[in-house]
Student: 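This is the structure, below, for whatever I ask next.
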Number of protein chains: 2
Amino acid sequence: MTAKQLLQQHKLKRTSCREGMLELFLASKEALSENELREQLSGSYDRTTFYRSFITLLDAGIIHKIVVDNILTKYALTTPMTREHQHVHFFCTHCETTKCIQTDVEITIQLPEGFHQDSMDILIKGSCNHCKQ
Amino acid sequence: MTAKQLLQQHKLKRTSCREGMLELFLASKEALSENELREQLSGSYDRTTFYRSFITLLDAGIIHKIVVDNILTKYALTTPMTREHQHVHFFCTHCETTKCIQTDVEITIQLPEGFHQDSMDILIKGSCNHCKQ
DNA sequence: TCTGCAAATGCAACAATGTTGCAAAAGAAT
DNA sequence: ATTCTTTTGCAACATTGTTGCATTTGCAGA
Ligand SMILES: [Mn+2]
Ligand SMILES: [Mn+2]
Ligand SMILES: [Zn+2]
Ligand SMILES: [Zn+2]
């Protein structure tokens, strides 16, 4: 799947910002932040354009967002696996590497009477294979 | 347990800001945000003082922090239950009510080779008993 | 290939949240 | 009451994200 195909498939205009972002997502095994994308797209775009592109790609379901506390926000491609709701994310507290964990989880938690669950976010923090002590 | 006792027990100075915050935490069944605390402590304190008080109470382990995406940050008292295991938080997407779920969870997720887990955050989103449709 | 229109962009301004340095005030111990 | 330390308030700043508006671009149709 190419960036161009992804955009066409979702009937989105093929702009260089979107296409550049998608190429980086397609090439990366890890989630990427706005800053990481901008660094690599040296022909920088305005910050506003990035934010609006994120919104477009999120709305289309092409990418999804991973927020780690007040520390950072990253984005990753949505795959068939990650599209299934509750999947797990991993965050390395040393190098901030953030990954989608491709595992099926079946967790049921008893909520108080009258509460209703729509979704569940699971974030594991620890050290990645490069940062293990 | 009173606010005064909590502060003395942790050898913290008994200032009116800290004591006011703790009284609200002790009286609340839900997690509270900076704004909710400030509203109720009408004899408002400076924003900086709030942030520094949060840090003090967090460091002492008296409260813990619950971050919901880029939406909001709330705080709640640390109880014996919440201190122990990985515990779960609930966030109502309608009224933003945020609660600690007092349930024991034992979840093991297989991480990629070389990855090491330190902690796990679980956030359930949905509607609370007042907002159920 | 050219034209026209809707959509995307860049820029400036703004808001919310959180942090830091420093002088003044308050807490607690003597 | 005096002293010393910690906390506070204020101003300034950083980061992240949003909005309005004029300009530019992509793309469909001629
Ligand atoms: Mn993911
Ligand atoms: Mn909790
Ligand atoms: Zn790492
Ligand atoms: Zn609610």
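Letters A, B, ... mirror the listed sequences (proteins, then strands); counts begin at 1.
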Student: With sequence neighbours excluded, what pairs up with B:Asp118 under the salt bridge (charged side-chain N to carboxylate O under 4.0 Å, His left out) test?
Tutor: none

Student: Using the side chain to side chain contact (heavy atoms under 4.5 Å, CB included) criterion, which residues pair with A:Thr78? Sequence neighbours excluded.
Tutor: A:His64, A:Thr82, A:Arg83

Student: Respond yes when some side-chain nitrogen or oxygen of B:Asn70 is under 4.0 Å from OP1 or OP2 of D:dG17, and no when none is.
Tutor: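 Checking B:Asn70 against D:dG17: at least one side-chain N or O falls below 4.0 Å of OP1 or OP2.
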
Student: Starting at CG of A:Leu41 and ending at C1' of C:dT9, how long is that distance when rounded to a whole Å?
Tutor: 15 Å

Student: Quick one: A:Glu19 CD to D:dC27 C1', roughly how many Å, whole number?
Tutor: 14 Å

Student: Who are the ring pair (Phe, Tyr, Trp, His ring centres under 6.0 Å) partners of B:Phe91, not counting sequence neighbours?
Tutor: none

Student: Angle between the end axes of the helix from C:dT1-D:dA30 to C:dT30-D:dA1, five pairs per end, to the nearest 10 degrees?
Tutor: 30°

Student: Would you please name every residue forming a side chain to side chain contact (heavy atoms under 4.5 Å, CB included) with A:Glu19, sequence neighbours left out?
Tutor: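 So A:Glu19 forms a side chain to side chain contact (heavy atoms under 4.5 Å, CB included) with A:Ala3, A:Lys4, A:Leu7, A:Arg14, A:Glu23.
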
Student: Round to a whole Å and report the spacing from CZ of A:Arg38 to P of C:dG10.
Tutor: 11 Å

Student: Within residues 46-67 of chain B, which residues have any heavy atom lying less than 4.0 Å from an atom of DNA chain C?
Tutor: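 The answer is B:Arg47, B:Thr48, B:Tyr51, B:Arg52.
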
Student: So do the side chains of A:Cys131 and A:Thr93 get within less than 4.5 Å of each other, counting heavy atoms only?
Tutor: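 No - every pair of side-chain heavy atoms lies 4.5 Å or more apart.
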
Student: Not counting sequence neighbours, which residues clear salt bridge (charged side-chain N to carboxylate O under 4.0 Å, His left out) with B:Asp69? List them please.
Tutor: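 Applying salt bridge (charged side-chain N to carboxylate O under 4.0 Å, His left out) to B:Asp69 gives B:Lys125.
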
Student: Tell me, which pairs form a ring pair (Phe, Tyr, Trp, His ring centres under 6.0 Å) where one or both residues lie in residues 9-57 of chain B, sequence neighbours left out?
Tutor: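 Applying ring pair (Phe, Tyr, Trp, His ring centres under 6.0 Å) to every pair that reaches into residues 9-57 of chain B, excluding sequence neighbours, yields B:Phe54-B:Tyr75.
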
Student: Starting at the 5' end of DNA chain C and moving along, which residue's nearest nucleotide shows up first, A:Cys17 or B:Asn35?
Tutor: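 It is A:Cys17 whose nearest nucleotide is closer to the 5' end.
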
Student: Restricting to salt bridge (charged side-chain N to carboxylate O under 4.0 Å, His left out), what partner residues turn up for A:Glu96, sequence neighbours left out?
Tutor: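 Per chain and number, A:Glu96 pairs via salt bridge (charged side-chain N to carboxylate O under 4.0 Å, His left out) with no residue.
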
Student: Nearest whole Å is fine: how far is D:dT6 P from B:Arg18 CZ?
Tutor: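 Interatomic distance, CZ of B:Arg18 to P of D:dT6: 11 Å.
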
Student: For B:Ile71 and D:dG17, give me the distance from atom CD1 to atom P, rounded to whole Å.
Tutor: 12 Å

Student: I'd like to check the salt bridge (charged side-chain N to carboxylate O under 4.0 Å, His left out) partners of A:Arg52; sequence neighbours left out, ordered by chain and number.
Tutor: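 With sequence neighbours excluded, A:Arg52 shows a salt bridge (charged side-chain N to carboxylate O under 4.0 Å, His left out) to no residue whatsoever.
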
Student: Can you give one letter per nucleotide of nucleotides 25-30 of chain C, going 5' to 3': B for a protein heavy atom under 4.0 Å from the base, S for sugar-phosphate only, - for none?
Tutor: --BS--

Student: Any side-chain donor paired with an acceptor under 3.5 Å for A:Ser33 and A:Asn35?
Tutor: no

Student: According to side chain to side chain contact (heavy atoms under 4.5 Å, CB included), who are the partners of B:Thr97, at least two apart in sequence or on a separate chain?
Tutor: B:Glu30, B:Cys92, B:Cys95, B:Lys99

